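Encoded as structure tokens, the structure appears first; notes follow it.
Chain letters run A, B, ... following the sequence lines, proteins first, then strands; residues in each count from 1. Everything quoted here is computed from the prediction, not taken from an experiment.
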Amino acid sequence: MTPEQLSSALVAALTRLVDDGRLTLPDGVPSTVLVERPKVREHGDYATNIALQLAKRAGVNPRDLAQQLAEEIVTDDGVASAEVAGPGFLNLRVSAGAQGALAGQVVTAGDSYGRSDVNAGQKVNLEFISANPTGPLHLGHTRWAAVGDAMARVIEATGAEVTREFYVNDRGNQMDVFGASLMARAHGEEPPDDGYHGAYVADLAAKVVAEVPGVLDQPADEQLVTFRETGYRLQLAEQQAELDELRTHFDVWFSERSLHDSDSVEHGFDRLREQGRLFEADGATWMRTTDFGDDKDRVLVRSNGELTYFASDTAYYVNKRERGFDPCIYLLGADHHGYVGRLSAMAACVGDTPGEQLEVLIGQLVKILQDGEELKLSKRAGTIVSLRELIDLIGVDPLRYTLIRYPVDSPLTLDVADMTSKSNDNPVYYVQYAHARLASILRNAADLGITVDGSYDASQLSTEREGDLLRALAELPRVVARAAELREPHRVARYLEDTASTFHKFYDTCRVLPQGDEDVTDLHRARLVLVAATRQVLANGLGLLGVSAPERM
RNA sequence: GCCCCCGUAGCUCAGCUGGAUAGAGCAAGUCACUUCUAAUGACUCGGUCGCAGGUUCGAAUCCUGCCGGGGGCACCA
């Protein structure tokens with residue numbers, strides 16, 4: 001009996017009470033009843049506070065209502081006991097057989113266990129990183145790469161179709177500055193003051209020279225273009241290769257230039273004009289974002305005729321919407337927080353509802369320490385911690401996992417020593433180790449000729465540790481659904497850590513396979529199914545984070 | 001000045017859309033491997049949930065004010 005089934009059973013019980021006239025609910029019976037796992041064991045396998053919530057509306061004492069519900073719910077075969085506690089909680093115990101059945105269900109469901117179709121039909125656009133193609137990706141980008149990709153996987157697991165999109169800012173003044181910086185380095189000169197000064201610039205310049213042998217003999221204006229364009233192509237390719245290595249794969253790399261090569265910008269303006277949000281003033285063209293709470297109106301076309309970045313952004317959003325996406329999610333760093341107000345207002349200006357078609361998630365910044373010193377990440381100053389270095393220093397699995405396991409709205413301080421440590425102060429190995437342990441048991445079982453099949457006796461799984469583990473496995477579907485709904489993939493990681501811990505405790509007290517020349521009993525078989533189910537849950541969860549589930553460690 | 005995020009054990013952080021006695025890992029100390037992976041488990045120590053009010057059966061969680069830290073407020077990208 002899963003929490004979902006228990007919840008349905010409670011709804012059914014309430015419905016019976018109402019139908020029989022034993023209970024009056026003016027607003028009707030709620031469609032779902034929240035069932036939670038109590039922290040204290042004495043409070044049962046599951047508990048619900050539904051009586052406390054309904055008592056006022058029903059005009060009865062919460063404990064009396066809980067008592068009525070208790071008497072009704074125990075008639076269900078899967079419920080072993082129900083008792084009223086405290087101000088009106090209902091503490092429930094599930095029968096071993098009903099609970100143990102889950103293990104077989106998980107094994108049968110396999111890779112699909114934990115997935116659902118609650119968001120089926122939804123077309124989600126998830127934009128993240130969107131770095132300028134003028135330098136290597138750094139630590140900040142790496143956090144969004146890991147979190148964004150995990151978020152995409154989690155949302156996909158609820159049935160939605162998710163497009164991962166990277167917006168390439170390949171237009172504007174910074175591209176020329178980038179070209180000029182490369183060109184200067186190629187000639188052994190210092191880049192301009194406002195240019196790019198990182199050590200990578202000289203390396204990249206050398207690559208351009210290698211790729212285009214005659215470049216240094218080209219006329220200056222032509223040479224600038226060659227450096228800019230070739231440097232752009234090489235730098236973008238490097239970003240793509242590194243993200244690939246981090247297992248973050250984008251479906252669409254969307255070039256800002258392509259918006260301008262097509263009529264997308266004009267098209268966006270048309271939309272604003274239709275909505276009456278465009279106006280001219282001081283020789284510039286503006287969007288009236290103050291109609292929707294922005295603190296000032298925003299310029300789209302400057303008085304010198306140049307388009308602003310925000311003009312591109314607006315066109316891009318309209319483009320996404322016309323490709324059928326709803327919602328469009330933006331994952332931005334805290335340094336872009338000032339952008340949220342105008343993005344939301346922009347969505348309203350083109351006729352959408354901010355918070356529905358457009359969602360902005362702000363992630364806080366990351367700091368990384370090594371030997372107590374902060375690794376700096378200023379691209380322009382040149383001392384950067386790049387994605388490449390992080391992968392080499394920490395490894396893909398620990399890097400991804402560590403960045404994903406914290407909520408994005410909390411600022412983060414990470415220590416290199418912790419992330420590379422191969423002990424249980426490193427949660428990624430704690431979870432992976434549990435998986436490897438489980439895989440090992442399954443290998444040993446196969447050697448003994450014991451197979452996992454559906455005909456086990458579920459009621460054998462009757463001890464406390466087995467019950468704890470079964471209840472942990474039962475949580476995966478709602479953890480995934482909740483993580484998707486709240487856009488918080490870190491919940492999956494935390495869940496895996498809890499579940500791994502619950503498994504280790506089970507392993508400590510419950511022998512799975514027969515020892516020596518012992519006969520194979522129903523208990524052995526049942527526990528083996530539980531082991532197979534646990535392995536499946538950890539593997540599915542790690543898969544949602546894009547972290548590997550090793551068979552051996 | 002205005003806006004956003006954060007403030008929980010010595011450290012790094014959870015806290016399940018308001019629930020019962022606030023948790024985990026690390027750090028400090030103790031114990032358990034002839035037995036399926038000890039990268040594990042058991043136990044001890046450790047707290048005015050920044051401060052003050054408010055909302056209610058009930059607040060770390062919601063509201064207001066204050067204090068402290070981070071970030072942001074361009075006809076830049």
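Within the structure, the side-chain hydrogen bond (donor to acceptor under 3.5 Å, both in side chains) test picks out the following pairs touching residues 511-522 of chain A (sequence neighbours left out): A:T521-A:H524.
In summary, A:R93 and A:E83 do not engage in a salt bridge, as defined by a charged side-chain N under 4.0 Å from a carboxylate O. Ion pairing between a basic and an acidic side chain is recognised when a charged N comes within 4.0 Å of a carboxylate O; A:K505 and A:D468 show no such pairing.
By the side-chain hydrogen bond (donor to acceptor under 3.5 Å, both in side chains) test, A:Y309 pairs with A:N169, sequence neighbours left out. The ring-ring contact (aromatic ring centres under 6.0 Å, His included) search around A:F166 returns A:F250, A:W253, not counting sequence neighbours.
For the residue pair A:Q174 / A:T134, no side-chain donor-acceptor distance below 3.5 Å is found, with atom types taken as modelled.
Considering only side-chain N and O atoms, A:S410 lies under 4.0 angstrom from the phosphate OP1 or OP2 of B:rA14. Put simply, A:H490 has a side-chain N or O that comes within less than 4.0 Å of OP1 or OP2 on B:rG15. The phosphate of B:rC57 has OP1 or OP2 within less than 4.0 Å of a side-chain N or O from A:K56. One finds a side-chain N or O of A:Y433 lying less than 4.0 angstrom from the OP1 or OP2 phosphate oxygen of B:rA39. Of the side-chain N and O atoms in A:K39, one or more sit less than 4.0 angstrom from OP1 or OP2 of B:rA20. Put simply, A:Y430 has no side-chain N or O that comes within less than 4.0 Å of OP1 or OP2 on B:rA24.
The NE2 atom of A:H435 lies 7.0 Å from the CG atom of A:L542; values are rounded to the nearest 0.5 Å.
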Could you run down nucleotides 70-77 of chain B 5' to 3' and tag each one B, S or - for protein heavy-atom contact under 4.0 Å? -BS--BSB
Distance-only criterion, 3.5 Å: show the donor-acceptor pairs between side-chain atoms of residues 31-39 of chain A and protein atoms not counting sequence neighbours.
none

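Taking atom P in both B:rC36 and B:rG46, one finds a spacing of 37 Å when rounded to whole Å.
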In dot-bracket notation, what is the pairing pattern of RNA chain B, taking Watson-Crick (N1-N3 plus N6-O4 or O6-N4) and G-U wobble (N1-O2 and O6-N3) contacts under 3.5 Å, with [ ] crossing and | for other strands? (((((((..((((.....[...)))).(((((.......))))).....(((((..]....))))))))))))....
